[in-house]
Protein chains: 2
Amino acid sequence: MARRSEHTREQLRDLMLEAAEQLIVNKGLAGLSARAIARQIGYTPGTIYLVFANLDDLILQVNARTLDRLRLPMQAAVAATDDPEQQLLGAARAYADFARGHPNLWRACFEHRLPEGVAGPDFIDTRIAQLVELIMAPLARVSGAEGAALDAAAQSLWSGVHGVCILTLTGKLHMVGGQATEHLTDDLITHYLAGLVSRTSPASSRA
Amino acid sequence: MARRSEHTREQLRDLMLEAAEQLIVNKGLAGLSARAIARQIGYTPGTIYLVFANLDDLILQVNARTLDRLRLPMQAAVAATDDPEQQLLGAARAYADFARGHPNLWRACFEHRLPEGVAGPDFIDTRIAQLVELIMAPLARVSGAEGAALDAAAQSLWSGVHGVCILTLTGKLHMVGGQATEHLTDDLITHYLAGLVSRTSPASSRA
DNA sequence: GCGCGATAGTGAACGGCGTTCATTATCGGC
DNA sequence: GCCGATAATGAACGCCGTTCACTATCGCGC
C-alpha cells in the first residue's frame, strides 16, 4: 500500500486544496471532511496529515487562495476609473459580487473558527490587510485624510461594507424594506464619504 | 429508567438552554454538544430530543434569548438622551459592549449555520429586525429621511456597525493602525450621519 | 540482476459526534 | 394491587478528526 510518488508532495497539496474547495463550494464548510477529501482524490484520510498539520490548516490554505482571488476584481475595479469615489463604489461592488458569486468560499473565510485560544495565522491577516489597503489611496484622495484618521476611515468603511455583505447574503436582514446588497453598500459609501469630506475639508465642492 | 416528571417539560427546557448557554460561553459554539449538555444536567442525550427537534433548534433558542438580552442595553442607550445622534452612537456602543462582553454568545447568533438549504426561523429574523428598528426613529429625526431611504439607511448603517464589531472582535482587522471597536463605530456613524444629513436636508445646520 | 534501506501511503483504531428507537422503570388512576 | 401510559434510557448507526504501526513499493549500491 504505497504508490511512492505517484504524485509529488506539491501535486498532492494542490489536489487536496482543489478537492476541499470543491466540497466547500458544493456543501459549505460543514460539508468538508478529511474523509470526503480523501475519497475525492483517491487517497486515505491519513495521507492528508502528511501534507497538512490538520484540517484547520488545510482550510486556512483554501481561504488564503480565496482571498487572493477576491483581491483581483477589486483591484480591477480600482484601476477602471480615476474618480476615487467611483473606485470605492466599484471595489465594494466587486466585493459584494464575489461574495454573492462564491458564497460558500467567501463565508468560509470569515466563519471558520479556530479552536478557542488559537490566533489566526499571519498569511490570512496579511491578505485581509491587503484588501483594506486597496481602498486607502482612493479614500485619501477623496477625503484628504491621512495618518490615523485615514486608517480609521479605511477600517470602518470596509468593515461596514463587509457587514452589509454578511447580513444581506446570509439572509439575516429579511426585514421591513429588504434592500439589495449593492444598494446598501452604495448607500453606506456615498453617505460616509459625503460626511468624511465635509468634515475633513469643510468648505469645498470641487465639481 | 424513568424519573417520570422529576422536572416539567418546561423546567427541562430551561435547564437545557441554561446548560447550553454556559457551554457556549465557556468554549464557544464548537464546544457545544448534545452529550455535553446531557452530562451537565444529569440526563442522557436522547432526552434532549424529547424537548427540541435537534441541536440546531436548541441553539436557535439560545440565540433568541441572547438577542433579547442584547436589545435591553441598546434600548437603554436610546432612552438615555434626546439627541438622536447620541442615541445612535450610544446604541452602537451598547452593541459593541455586549459583543465584547459576551463574545461567544454574540458570535453564536451570527456564526451558527443551518444545513445548506434550510432558512432561519422567523423568531430570529424578527429579533434582528427589532434591533434595526431601534435605530429607525433617531435616524429619521436626525436625517429627515423616510420610507425606503430610511429603511436603506437603517440597514446599511446597522450592518456597518455589525461589520466593525465582527472584524475587530474576531481579530481579523489586525492591520496597520489597529483601532478600537468603539472608535471605529463612532467614526462610521458620525461620518455617515454627516453625509446623510447633508444629502437629505441639504441647506441647514440647526444647532 | 538483486537485495536492502528508506519512505509513501495505508487502514485500523480511538474517542468523539448527532440522532433514533426499542425497551424499561416508574407513575396516576382504577 | 394491578395496568396502561409515558419519561427516560442506553445501545446502536454512521459519521467525524487524528494517530500510528505497518507494508508495499521505490531507488540505489553492488
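Computed over heavy atoms, backbone and side chain alike; hydrogens, waters and symmetry mates excluded. Letters A, B, ... are given to chains in the order of the sequence lines, protein chains preceding strands, and every chain is numbered from 1.
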[atom1] of [X] versus [atom2] of [N]: gap in Å, rounded?
X     : N      : atom1 : atom2 : value
B:D56 : C:dT19 : CG    : P     : 7 Å
A:R35 : C:dG16 : CZ    : P     : 15 Å
B:I59 : C:dC17 : CD1   : P     : 13 Å
A:Y43 : D:dA24 : OH    : C1'   : 14 Å

Nearest of [options] to any side-chain atom of [X]?
X     : options                : result
B:Y49 : C:dT20, D:dT18, D:dC16 : C:dT20
B:A34 : C:dA13, C:dG18, C:dG9  : C:dG18
B:L50 : C:dG11, D:dT18, D:dA8  : D:dA8

In plain terms, say whether B:R71 and B:D68 are close enough for a salt bridge, that is, a side-chain N and a carboxylate O under 4.0 Å apart. yes

Would you say B:R9 reaches D:dT6's phosphate, i.e. side-chain N/O to OP1/OP2 under 4.0 Å? no

Remember a base hit wins even if backbone is also touched, and classify [X] as base, sugar-phosphate or nothing at under 4.0 Å, heavy atoms.
X     : result
B:I48 : nothing
A:L12 : sugar-phosphate
A:T47 : base

Passes salt bridge (charged side-chain N to carboxylate O under 4.0 Å, His left out), A:E182 versus A:R100? Steps please. CA-CA 11 Å; A:E182 266 88 352; A:R100 195 189 7 261; 2.9 Å; yes

Parallel, tilted or perpendicular: which fits the ring planes of A:W158 and A:F110, with parallel below 30° and perpendicular above 60°? tilted

